[in-house]
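The next block holds one structure in the form of structure tokens; read it before the comments.
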Amino acid sequence: MIEALVLGAGAAGLRAGAELLRKRVRVLVVEARDRVGGRVHSVEDRELGRVVELGAEFVHGPRVELKRAKLKLEEMDGRQMALLDGRLRDVTRQFHSVIRKLAGARGAGTAQSWLATANLDDVERELARSYIEGFFAAPAAFVGIEGVANDQGMRTRRVVGGYDRALRGHADALRAAGALRLCLTVERVRWRKGHVAVQARTVSGAAEEIEARRLLVTLPVSVLAASDGVGFDPPLRGKREALSWVRTGGVVKALLRFREPFWLTRALRKADFFHAPGAPLPTWWRGSPREVPLLTGWAGGPAAERLKEGDRLAGALDSVARIFGRTRHEIESLVEGVRMVDWSEDPFARGAYAYELAGSPLDLLPRLAAPEEETLFFAGEATSLTGRGGTVDGALETGLRAAKQLLQTL
């Protein structure tokens, strides 16, 4: 019997597994997908000759765990442009003003109530709503202002060469030790104190059972809360109410490769981000380096939900046409490659990252992160106790925390 079984080979699972391996624990990390990384999904675009990000892309806020990977980062601190009143305007100053005001927001109300009463001019208010609902992938009327009051958006950096570089070392160590299995879908967990039996299916549908003394769960809260997700016997009574206060926001990413970077005009050469509040995909950013003919679109929260009802590619093309004052036919004629990713349709993610509903208990995060009977342990971005929920660094940190908790019980 192995000592520790880790569910999920995303950032949290890989970090936890690698730490347990380092401490000479007999560990196995299992993953339903045919790849590691979870919501980090870096792929090579051979036509561009670059790695592109289908999942997590930016480094926001403080780096703690990510520093260990010694990643090379590119600052995305150029101009923020927004389509307002039919004109593309430089709103860098207003955008940073919104982030500063949001970071200082306090109170028990919703983000919606804060938007209605905050000291914002008309441009700032429109940018703030678009930012809150897009960046946090949450409806402003659902999420508490305390849940989005931070300065993560003040500094945006991109990982040069692919975000997966942050995870490679952990994955390689596990592979070398034979402690990583892919394409194994866990369906049910039977457990009692000191013993776990996991029922799973291989890629061919064959049933398999794995026994362990401890289980470290890094599944997204959307999967844990789902009626058709992984079943626990006995149920996770200590988590049931806490999970009812958490939602996972939807995100759709559109990566459009063009024949040429037509947006690199003299007026826009220093622009990094383009915003079009109300457009199907309201936020876009340039490729790296600037000359790469790639634009990435982002629809989070309510915008992602609205895209379910229409043609996503058409929405992406219309959004780009609107921002740059071109016809849709002009934009479409320049497109040479399209990748559309809807994270809510990924059965092993069911969304992008978690947010807390307004009015949630003050001890919600500790309850989500708390072990059960010194046998089940929990990690993942939604369980961050250091204010880094929704980030890769936060996920890595929780994996290390949960591994240390598990080690104390062996």
Side-chain angles (χ1 to χ4, degrees), residues 1-42 55-56 64-69 71 163-186 189 191 194-200 202 208-221 223-224 230 348-349 368-369 371-372 374-384 388 391-410:
M1 182 190 303
I2 60 176
E3 292 179 287
L5 181 64
V6 179
L7 299 191
L14 292 173
R15 182 67 181 96
E19 179 65 15
L20 293 171
L21 185 67
R22 190 175 71 85
K23 295 294 186 177
R24 302 187 185 280
V25 172
R26 293 192 303 278
V27 61
L28 177 66
V29 178
V30 298
E31 167 61 47
R33 297 181 178 90
D34 61 358
R35 62 173 181 83
V36 300
R39 287 165 281 179
V40 174
H41 192 190
S42 308
V64 180
E65 279 293 315
L66 286 175
K67 283 187 176 180
R68 301 172 189 266
L71 304 174
Y163 219 140
D164 64 340
R165 290 175 178 240
L167 312 179
R168 287 181 193 173
H170 304 314
D172 289 346
L174 291 164
R175 284 194 194 95
L180 176 65
R181 281 194 62 184
L182 305 180
C183 294
L184 190 66
T185 303
V186 172
V189 175
W191 68 283
H195 182 266
V196 174
V198 169
Q199 297 170 349
T202 66
E208 189 169 327
E209 183 169 279
I210 305 172
E211 294 184 88
R213 294 176 59 196
R214 304 288 187 270
L215 180 70
L216 200 157
V217 181
T218 73
L219 304 175
V221 290
V223 175
L224 281 177
V230 176
F348 307 121
L368 288 174
E372 299 266 349
E374 296 188 332
T375 302
L376 306 183
F377 300 83
F378 297 86
E381 53 86 14
T383 71
S384 174
R388 285 181 282 166
T391 70
V392 176
D393 194 77
L396 289 166
E397 172 263 330
T398 67
L400 178 61
R401 182 209 69 224
K404 289 180 176 179
Q405 290 173 328
L406 187 155
L407 286 166
Q408 291 174 358
T409 69
L410 291 177

Approximate separation, where rounding is to 0.5 Å, of [X] [atom1] and [Y] [atom2]:
X      : Y      : atom1 : atom2 : result
Lys404 : Lys23  : NZ    : NZ    : 8.0 Å
Leu396 : Glu381 : CG    : CD    : 11.5 Å
Leu216 : Leu406 : CG    : CG    : 6.0 Å
Leu66  : Arg388 : CG    : CZ    : 8.5 Å
Leu407 : Arg24  : CG    : CZ    : 13.0 Å
Arg15  : His170 : CZ    : NE2   : 5.0 Å

Taking all non-hydrogen atoms of both residues into account, name the closest pair between [X] and [Y] and its distance.
X      : Y      : value
Gly37  : Leu167 : CA-CD1, 3.8 Å
Ser42  : Tyr163 : OG-N, 3.2 Å
Gln405 : Ala369 : OE1-O, 4.3 Å
Phe348 : Ala32  : CE2-CB, 3.5 Å
Ala12  : Ala379 : CB-CB, 4.1 Å
Ala16  : Gly399 : CB-O, 3.4 Å

- Note on the structure: Glu211 meets the side-chain hydrogen bond (donor to acceptor under 3.5 Å, both in side chains) criterion, sequence neighbours left out, with His195
Expected output: side-chain [X] to main-chain [Y] donor-acceptor under 3.5 Å:
X      : Y      : result
Thr218 : Gly380 : no
Arg22  : Val25  : no
Asp393 : Glu65  : yes

- Query: Are any of the side-chain nitrogens in Glu208 or Arg181 under 4.0 Å away from the carboxylate oxygens of its partner?
  - Reply: yes
Can you tell if the side chain of [X] reaches within under 4.5 Å of the side chain of [Y], non-hydrogen atoms only?
X      : Y      : value
Arg214 : Leu410 : yes
Val230 : Leu224 : no
Leu184 : Thr202 : yes
Glu397 : Val64  : no
Trp191 : Leu215 : no

- Item | Stepwise side chain to side chain contact (heavy atoms under 4.5 Å, CB included) check, Val27 with Ile2 | CA-CA 6 Å; Val27 61; Ile2 60 176; over 6 Å; no
- Message: Walk me through whether Arg33 and His41 qualify under side chain to side chain contact (heavy atoms under 4.5 Å, CB included).
- Response: CA-CA 11 Å; Arg33 297 181 178 90; His41 192 190; over 6 Å; no
